[in-house]
Amino acid sequence: MVKKYSEYKQLDLTAIGEQVLKNWEDNNTFEESLKLRQGKTPYVFYEGPPSANGQPGIHHVMARAIKDIFCRYKSQKGFYVTRKAGWDTHGLPVELGVEKNLGITKEDIGTKISVDDYNKACKEEVMKYKDMWDRLTKLMGYWVDLENPYITFKNEYIETLWYLLGELYKKGYLYKGYTIQPFSPAAGTGLSSHELNMPGCYKDVKDTTCVAIFKVKAEQPNMKSCPFGLNDIKPEDCSVLAWTTTPWTLPSNTALCVGPNIEYVLVKTFNPYSGAPINVILGKPLLNSFFPEKNSELSFEDYKFGDKEIPFKVLASCKGKDLIGLEYEQLLPWVNPGEGAFRVIGGDFVTTEDGTGIVHIAPTFGADDDRVAKQSGVPPLVMFDKEGKRQPMVDRSGKFFKIEDLDEEFVKNNINTDAYKAFAGKFVKNAYDKNLTEKDMSLDVEIAIALKEEGKAFKIEKHTHNYPHCWRTDKPILYYPMDSWFIRTTAVKERMIGLNKTINWKPEATGSGRFGNWLENLVDWNLSRSRYWGTPLPIWRTEDGLEEICISSVEQLRNEIDKSIEAGFMSENKYASKDYESFDLHRPYIDNVYLVSKEGKKMTRETDLIDVWFDSGAMPYAQHHYPFDINKEQLQQSFPADFIAEGVDQTRGWFFTLHAIGTLVFDSIAFKNVVSNGLVLDKNGNKMSKRLGNGVDPFETIGKYGPDATRWYMISNSQPWENLKFDIEGVDEIRRKLFGTLYNTYSFFALYANIDGFAYKEENIKNEERAEIDRWILSELNSLIENVDNSYADYEPTRAARAIQNFVDEYLSNWYVRLCRRRFWKGEYSSDKISAYQTLYTCLETLSRLMAPISPFFADRLFTDLNNVSGRFSVNSVHLTDFPESDKAIIDKALEERMQLAQKICSMVLSLRKRNNLKVRQPLQKIMIPATNPEMEKQILAVRDLILSEVNIKEIEFLSQENNVLVKKIKPNFKQLGAKLGSKMKHVAGVLSAFTQEQISEIENNGSIFVEIESENIELSISDVEIVTQDIPGWVVMNEGVLTVALDTTVTESLRKECIARELVNRIQNIRKEQNFEVTDNIIVEIEYNSLLEEALAEHQDYIMGETLTKELSLVKHGDISIIMGDQNTEPISKIDIIEGIELDINIRKV
RNA sequence: AGUCUCGUAGCUCAGUUGGUUAGAGCACUACACUGAUAAUGUAGGGGUCGGCGGUUCAAAUCCGCCCGAGACUACCA
């Protein structure tokens, strides 16, 4: 039995999704697609691991569609594309989720709940929505190996991380330092920026602020001359003004920071609190906020201490960079910070919005401060506690260190006890001191007063500013130096920048801009996190910090523990077994491991966990348990990645950590191509959020519109890296426009191919023997293949999708199928008909292969529906076929151009008909086209028949340009003339627009013409201008660009008869349809007599009968039709209206 | 605050190296077609190309500033 093409009642993309998914599962199609390519060149893809502790959203469909598209595409291109899934399982959100579920806080860990149970809860929490993720992955058609994912909490995974850290340690890239982090003395804990960004944390508070006077030193070893160019002023008579909202940090000041490009002034005035004459330096833009303009006229001689208005005089000005290096005396000489302090340094972040334009730098209490101080080699002000540890001036409870808590030696050598003792032990914020209230005098005030008394304060006032508070205690936080482990990324900064330039970023700007800038401003990677649920830092230290070890494998750990047992620091080795299921590398188990140092001292693990970004950045190696399960050669099979894709928010996340670890450990990029996709917003452009309830449920969308429409919409609507405004109506539009059209085209094909038994068994008809329109659509198809192939290869899925859409709608459906319809149902099974079938079949089959990466389900259905009959491919899925190859020999650009010309002409004629009320069914005699050149005439002639039949016209007449009935219009060829004439362009344009018909003829005939512009003769050649026909008197005319079409609107008697014949055909077809005849049924027709109809029949009877499969056609007198009503065969009489105002009876029955 | 991206019709988007009527689809209105028919075509309205300034004979396009949206990084005297 001949197989039939499946025909469907209607398009149901959801059902297609489900059925095709089932086929894939039944046939293991994904595995097959891999097997098929085994041994071929690998195309390496890395899955950026999602965290399954949150539900997947529609944006995940977006990100995963992009990943899937290129993996499928490359697979079709013959590469071996393995795709290992992964799960990101560590991190704060997991901890917070667990705490919320169990109703506990961090403090309860170890008391209300054992750390053991806590970790168990984390493992469960992190996989909470795994099933949902797996379901979405399958439903949306994302092919990734879910059976063997890498999971970041597995011991094997962690072991690879330790190995990598060990490598970094060996290279000296791992070190302990400190960073300035938000710290809550009230809660005694550091805070993450995440916690700081919780609503309500930033509050307006009123604090005492102080502008301090920093006296310039007499000796200036760094300055060759006075930066202000003044010789008569001694340095020691000058001072620098700096403002602070936290006067308690002033004793820790070690530098002052100016903006290199900001202008500064030296101002002569008096100290408002002492009346002493001084010269102060401050930012010029801020001059008047300290010195009202009017006071510049006050007399210095008349000033008396206590006067409200203080005179001032600007002596000179200079740039900030000129001040760099200026040394000053320590403001509050309590503690000696050592060499290099008390200098003016430069920093980009300095503004002149408030303050003095000069920033007081206390490196221990500000992140910016710390950074610029390090850059300039300025030391922080630190003290040493009893244990010999470096400490800032403030301890962890928020007070200045008590002298008795400090190292005696240090106190003796570096502390001015007399000055410091008055302040030691005081809390820097009253909120930290149980014995104080906000009404009591704050340390800020005390210090400000002390400065005032010493003549070192210029302005003291209350100031309201926004300051972060601890979300748990509601008390202000401090920025505080905290111990941290770092990776010295700055050591390979240049290398990272260099390697980044070899990465293909989509879009390019993210790579060079956002990522590039990030690398330019690279700082060392702070690895430390004070948490529970994460990868532990594998470093053990002796208590004095003099000896340490970095463990880089479980085996090493095992051996070290054995040594430790021998030394008596441990009693048993819980890591003795080689079974990775038998132990756990997480806290708290690992914290119970104590090792022994070379000197025989006990070593304790550094309690920090590492940044979870290290987990994901290490996935290229850890997913394969490198180097324990695979060696370096094997690693190179899957490193670096050819392609990764993730949201643009990963720039500083995953993209960075992949790149950093790749560079640090392997001196290599980690990925060659990266697509960073934008956000998915709601249809109004707002971010989707639970709070707003504007999120789109991916299951609902896929359930309603099917996975293909959803994917296609997301990819085609905007470039992946732009934000997508997700509008469900758009998905429906894709369903209708693209899949609906394609479905209709397929249905059309299937209908007739089934009738004719076309199964693509015949030899391919040679291209040159095919009809013009066949050659055209095949040319367009091959152009499309090339275009789509290039777009995918360039990681431009949107371009590919749009090109396919355009082809399906504009070319295939709206032109090829429309014009070729009758070739499919009319006539014998001739070679022309076979050519039509082969052509349409080829288009559909090729489309299925082109669109397979984007709409994998529909494409597969289309492919298998076709292939089940033709058996052209031996595989049972489009995803097992190769990507189509463009046949250059079939591409005929001239043909494509002239078909476009034909389409344009048709559209113009239809428009003319419309305007003149001449329906298409009314045949008309001719159209006239002025041929601009012989080439154009030739092109049109080649497609003449298509045009004529499409617009129902008998002939085309070409008018030569010399024809003087044409009314023409001339305008300059701007691009060419503009370059030539420059500023005279405007004049010439004006002159040309005023050209008479005679002048236009002159330039046409002579090839050039002289025009006078500003009494200068300029020669214009014919190529400098564009001449178009504007009108043909007596005709209805339309023009578009260079093309002009005129229509002969005369309806002759003969044309009218022909129209009647066509009307009749139309009515008969309608009735056939109404009565549900098969398209192949032959019929007998009887119509009521009418003289006009009779005349029309006389000429067109054969045509009418042929079109409608009528075997007998007769005209019957009015009333006679009813006579045969008694016949069983009879169908009811219908009324038709083919001639204006006359209704005729008609009867149609099957033969 | 800094860095980056984006801003074109009611909506979603095109718009080549600057070149003169700024395009397409959707939606809306009218008409047509009817052997693809729960499809299709044609026509129409609708734009200070975010704003201002500059370069140029010529700017949606190049430059500067500003406004708006978003992301990331910060939160600071």
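Numbered from 1 within each chain, the chains take letters A, B, ... in sequence-line order.
Pair assignment for B:rG41 gives B:rC31, based on Watson-Crick or G-U wobble hydrogen-bonding distances that are each under 3.5 Å. B:rU12 is paired with B:rA24 under the criterion used here, namely a Watson-Crick or G-U wobble arrangement in which both key atom distances are under 3.5 Å. Pairing for B:rA1 goes to B:rU73, judged as Watson-Crick or G-U wobble with the two contacts each under 3.5 Å. Pairing for B:rU17 is absent, with no Watson-Crick or G-U wobble pair whose two atom distances lie under 3.5 Å. Pair assignment for B:rA59 gives none, since no Watson-Crick or G-U wobble pairing has each distance under 3.5 Å. For B:rC52, the paired base is B:rG64 (Watson-Crick or G-U wobble, both distances below 3.5 Å).
Using a 4.0 Å heavy-atom criterion, one finds that A:Arg818 contacts the bases of the nucleic acid, with or without backbone contacts as well. In this structure, A:Asn1066 reaches the sugar-phosphate backbone alone: every heavy-atom distance under 4.0 Å involves primed, P, OP1 or OP2 atoms, never a base. Contact annotation for A:Asp368: base contact, defined as any heavy-atom pair under 4.0 Å involving a base atom. Within the 4.0 angstrom heavy-atom criterion, base atoms lie near A:Thr1108. Counting non-hydrogen atoms under 4.0 angstrom, A:Asn744 reaches a base of the nucleic acid. In this structure, A:Phe749 reaches neither bases nor backbone, as no heavy-atom distance under 4.0 Å exists between it and the strands shown. Counting any heavy atom pair closer than 4.0 Å across all strands shown, A:Gly366 reaches no nucleic acid atom. Using a 4.0 Å heavy-atom criterion, one finds that A:Arg736 contacts the sugar-phosphate atoms exclusively. Counting non-hydrogen atoms under 4.0 angstrom, A:Arg913 reaches nothing in the nucleic acid. Residue A:Gln1069 is in base contact, counting any heavy-atom pair closer than 4.0 Å across all strands shown. A:Glu1107 comes within 4.0 angstrom of a nucleotide base, judged by non-hydrogen atoms across all strands. Counting any heavy atom pair closer than 4.0 Å across all strands shown, A:Gln10 reaches a base atom. At the heavy-atom level, A:Val920 lies nowhere under 4.0 Å from the strands shown. Nucleic acid contact for A:Thr245: sugar-phosphate only, since backbone atoms but no base atoms lie under 4.0 Å from a heavy atom of the residue.
Using modelled atom types and a 3.5 Å distance limit, the side chains of A:Arg1062 and A:Asn952 yield a donor-acceptor pair.
Within 3.5 Å, no donor on the side chain of A:Lys975 pairs with an acceptor on the base of B:rU20, nor the reverse. For A:Ser813 and B:rA36, a side-chain-to-base donor-acceptor distance below 3.5 Å is present, hydrogens and geometry of angles not being considered.
Regarding contacts with the backbone of B:rC11, every side-chain N or O of A:Lys725 stays at 4.0 angstrom or more from both OP1 and OP2. Considering only side-chain N and O atoms, A:Asn814 lies under 4.0 angstrom from the phosphate OP1 or OP2 of B:rG41. Checking the phosphate oxygens (OP1, OP2) of B:rA38, no side-chain nitrogen or oxygen of A:Lys9 falls inside 4.0 Å. Under 4.0 angstrom from either OP1 or OP2 of B:rC13 there lies at least one side-chain N or O belonging to A:Asn717.
Taking 4.5 Å as the limit, every side-chain heavy atom of A:Leu751 sits out of range of all side-chain heavy atoms of A:Ser747.
Relative ring orientation between A:Tyr8 and A:Tyr743 is described as tilted, the plane-to-plane angle lying within the 30° to 60° band. The aromatic rings of A:Phe726 and A:Tyr713 sit perpendicular to each other, their planes meeting at more than 60°, with 30° as the lower class boundary. Using cut-offs of 30° and 60° for the angle between ring planes, the A:Tyr5 and A:Phe749 rings count as perpendicular.
The separation between A:Glu646 atom CD and B:rA71 atom P is 18 Å, rounded to whole Å. As rounded to whole Å, 10 Å separates atom C1' of B:rC76 from atom CD1 of A:Ile361.
With A:Val258 as the partner, the side chain to side chain contact (heavy atoms under 4.5 Å, CB included) test is satisfied by one option alone out of A:Ile358, A:Ile345, A:Val240: A:Ile358.
Rounded to a whole angstrom, the distance from the C1' atom of B:rU29 to that of B:rA71 is 41 Å.
By the 5.5 angstrom centroid cut-off and the 30-degree plane limit, A:Phe974 is classified as stacked against the base of B:rU20.
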